[in-house]
Amino acid sequence: EASASALVLRTCLVLLALPIYVLSFLGIWEPFCRKVFFPFVLEKLGAVHDKKAKKHKLELFRNLPEFRSPSGELRLLEIGTGNGINLQFYPPGCKVTCTDINPHFQEGLSKNIKKNQHLQYERFLVAAGEDLHQVPSGSVDVVVCTFVLCSVDSVSSTLREVLRVLRPGGAFYFMEHVAGEHSSWKYFWQQVCYPTWKLVFAGCCLTRELWKNLEEAKFSELKLQHISVALPWTPIEPHIVGYGVK
């Protein structure tokens, strides 16, 4: 639970962001955030974060080709594709299905699709991670999800869907920011920023301990690493990265 000093600072932050809370109360903020603000901020922040996280992503996605199906195809589904910042890391000939709950990312995504002609694009689905009913069970070799589990409504339901759509022996790749150590300053500032951050950044939760959800999910093998990726002036330094095999 947040300490008294965190609660005082949290209240100050709420007061600073009061116009956004008012717009939210009036039902104006959320559609504006989804359509304009979040795609714009994600493009700018995403570019900065991508530079910082690039070496970790290169390392993470290096063994993607090992999960090709017996036919030699690599069918990949990305949950929460956003602007398509991960496309550059996928191997040539990979068949990609993009999904996002927010249809307003498609403009940024189409720019990145043009830049990454080495891939085969199957389709774009407007879908939440918890409900991928348009994707048949056991139909993909790899599912990728980066910086999405922080904002899904249910992490466990999303992981159940991941396991459903993966073929046996397929893999789920993830990179996510997570809660800091409870006794750390990082965690203190996550507690302070939590409600305002969640409102401003389209439901992004700062204090999820996602490694626990991944350990509880029914992967036959789980490779998970705790790393640090500092984004200046943000409370999202602690990360986890790795993959789980169905």
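None of the values given here were measured: they were computed from a predicted structure.
Note on Phe38: it does not cluster hydrophobically with Leu109, by side-chain heavy-atom contacts below 4.5 Å among ILVMFWY residues. Using a 4.5 Å cut-off between side-chain heavy atoms of Ile, Leu, Val, Met, Phe, Trp and Tyr, with links allowed through other members, Phe147 and Val48 fall into different hydrophobic clusters. Under the 4.5 Å side-chain contact rule for hydrophobic residues, Leu76 and Ile113 share a cluster. By the rule that hydrophobic residues join a cluster once side-chain heavy atoms approach within less than 4.5 Å of another member, Val143 and Val245 end up as members of separate clusters. Residues Val142 and Phe174 fall into different hydrophobic clusters, defined by Ile, Leu, Val, Met, Phe, Trp and Tyr side chains chained together at heavy-atom separations under 4.5 Å.
A donor-acceptor pair is defined here as one N or O able to donate and one able to accept, closer than 3.5 Å; no such pair exists between the side chain of Glu107 and the backbone of His104. Side-chain atoms of Arg160 do not come within 3.5 Å of backbone N or O of Val155 as any donor-acceptor pair.
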Take Lys186 and Glu181, measure what salt bridge (Lys or Arg N to Asp or Glu O under 4.0 Å) needs, and give me the verdict at the end. CA-CA 7 Å; Lys186 290 183 189 92; Glu181 289 271 341; over 6 Å; no
Evaluate side chain to side chain contact (heavy atoms under 4.5 Å, CB included) for Ser137 paired with Val165, printing each intermediate quantity in order.
CA-CA 4 Å; Ser137 299; Val165 301; over 6 Å; no
request  = With side chain to side chain contact (heavy atoms under 4.5 Å, CB included) as the test, would you mind laying out the steps for Met175 and His56 before giving the verdict?
outcome  = CA-CA 9 Å; Met175 184 176 186; His56 297 295; 3.9 Å; yes
Thr207 and Tyr194: CA distance, side-chain angles, deciding distance, side chain to side chain contact (heavy atoms under 4.5 Å, CB included) verdict: CA-CA 8 Å; Thr207 55; Tyr194 185 90; 3.4 Å; yes
Legend entry - Worked verdict on Phe172 versus Leu163 for side chain to side chain contact (heavy atoms under 4.5 Å, CB included): CA-CA 8 Å; Phe172 171 58; Leu163 283 161; over 6 Å; no
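Here Phe61 and Tyr90 bring their ring centres to under 6.0 angstrom of each other. Aromatic rings of Trp29 and Phe37 (six-membered ring for Trp) have centroids within the 6.0 Å cut-off, being under it.
Looking only at side-chain heavy atoms (C-beta outward), Phe219 and Leu214 come within less than 4.5 Å of each other. Side-chain contact check for Ile240 versus Leu210: some heavy-atom pair is nearer than 4.5 Å. Here the side chains of Leu125 and Cys98 are not in contact, with every heavy-atom distance at 4.5 Å or above. Looking at heavy atoms from C-beta onward, Leu119 lies out of side-chain contact with Pro92 at the 4.5 angstrom threshold. Taking 4.5 Å as the limit, some side-chain heavy atom of Arg167 sits within range of a side-chain heavy atom of Arg75. Contact of the Leu132 side chain with the Leu77 side chain is registered, since non-hydrogen atoms from C-beta on lie closer than 4.5 Å. Side-chain contact between Asn86 and Lys57 is present, with at least one heavy-atom pair separated by less than 4.5 Å. Looking only at side-chain heavy atoms (C-beta outward), Val162 and Cys145 stay at 4.5 Å or farther from each other.
Checking Gln106 against Asp100 by side-chain atom types alone, no donor-acceptor pair falls below 3.5 Å. Tyr187 and Gln191 share a donor-acceptor pair across their side chains, judged by distance under 3.5 Å alone. Under the 3.5 Å distance criterion, with hydrogens and angles disregarded, a donor-acceptor pair is assigned to the side chains of Glu237 and Ser228. Side-chain contact check for Tyr173 and Asn63: at least one donor-acceptor pair (N or O, by modelled atom type) lies under 3.5 Å. For Asn213 and Ser156, the side-chain atoms include no donor-acceptor pair closer than 3.5 Å. Arg123 and Thr97 share no side-chain donor-acceptor pair at under 3.5 Å.
Taking every heavy atom of both residues into account, Glu176 and Cys150 meet most closely at OE1-N, 3.7 Å. Among all heavy-atom pairs drawn from Ile101 and Arg34, the shortest one is O-NH2, 3.4 Å. Considering all non-hydrogen atoms of both residues, Ser5 and Phe188 come closest at OG-CE1, 3.6 Å. Listed here is the closest heavy atom pair of Leu206 and Cys193: CD1-CB, 3.8 Å. Taking all atoms of both residues into account, the shortest heavy-atom contact from Gly129 to Ile79 is CA-CG2, 3.9 Å. Taking all atoms of both residues into account, the shortest heavy-atom contact from Trp197 to Pro235 is CZ3-CD, 3.5 Å.
Counted within 6.0 Å of CD on Glu130, heavy atoms from surrounding residues, nucleotides or ligands total more than 12; the atom is thus considered enclosed.
In this structure, CZ in Phe201 is found 8.5 Å from SG in Cys33, a value given to the nearest 0.5 Å. Taking CH2 from Trp189 and CZ from Arg10, the interatomic distance works out to 12.5 Å, rounded to the nearest 0.5 Å. Separating the CG atom in Leu87 from the OG1 atom in Thr81 is a distance of 7.0 Å, to the nearest 0.5 Å. Glu30 CD to Ile20 CD1: the interatomic distance, rounded to the nearest 0.5 Å, is 13.5 Å. Within the model, atoms NE2 of His177 and SG of Cys204 stand 3.5 Å from one another, a figure rounded to the nearest 0.5 Å. The distance from the OG1 atom of Thr99 to the CG atom of Asn102 is 11.5 Å, given to the nearest 0.5 Å.
For the side chain to side chain contact (heavy atoms under 4.5 Å, CB included) criterion with Gln88, the lone passing option out of Lys115, Lys54, His118 is Lys54.
Salt-bridge annotation for Glu221 and Lys223: present, with a side-chain N of the basic residue lying under 4.0 Å from a carboxylate O of the acidic one. Comment: Asp141 does not engage Arg68 in a salt bridge, judged by the lack of any side-chain N to carboxylate O separation of less than 4.0 angstrom. With salt bridges taken as basic N to acidic carboxylate O contacts below 4.0 Å, none links Lys212 and Glu215.
Taking His182 as the reference, Glu209 meet the side-chain hydrogen bond (donor to acceptor under 3.5 Å, both in side chains) condition, with sequence neighbours excluded. In this view, Arg208 satisfies the salt bridge (charged side-chain N to carboxylate O under 4.0 Å, His left out) rule with no residue, not counting sequence neighbours.
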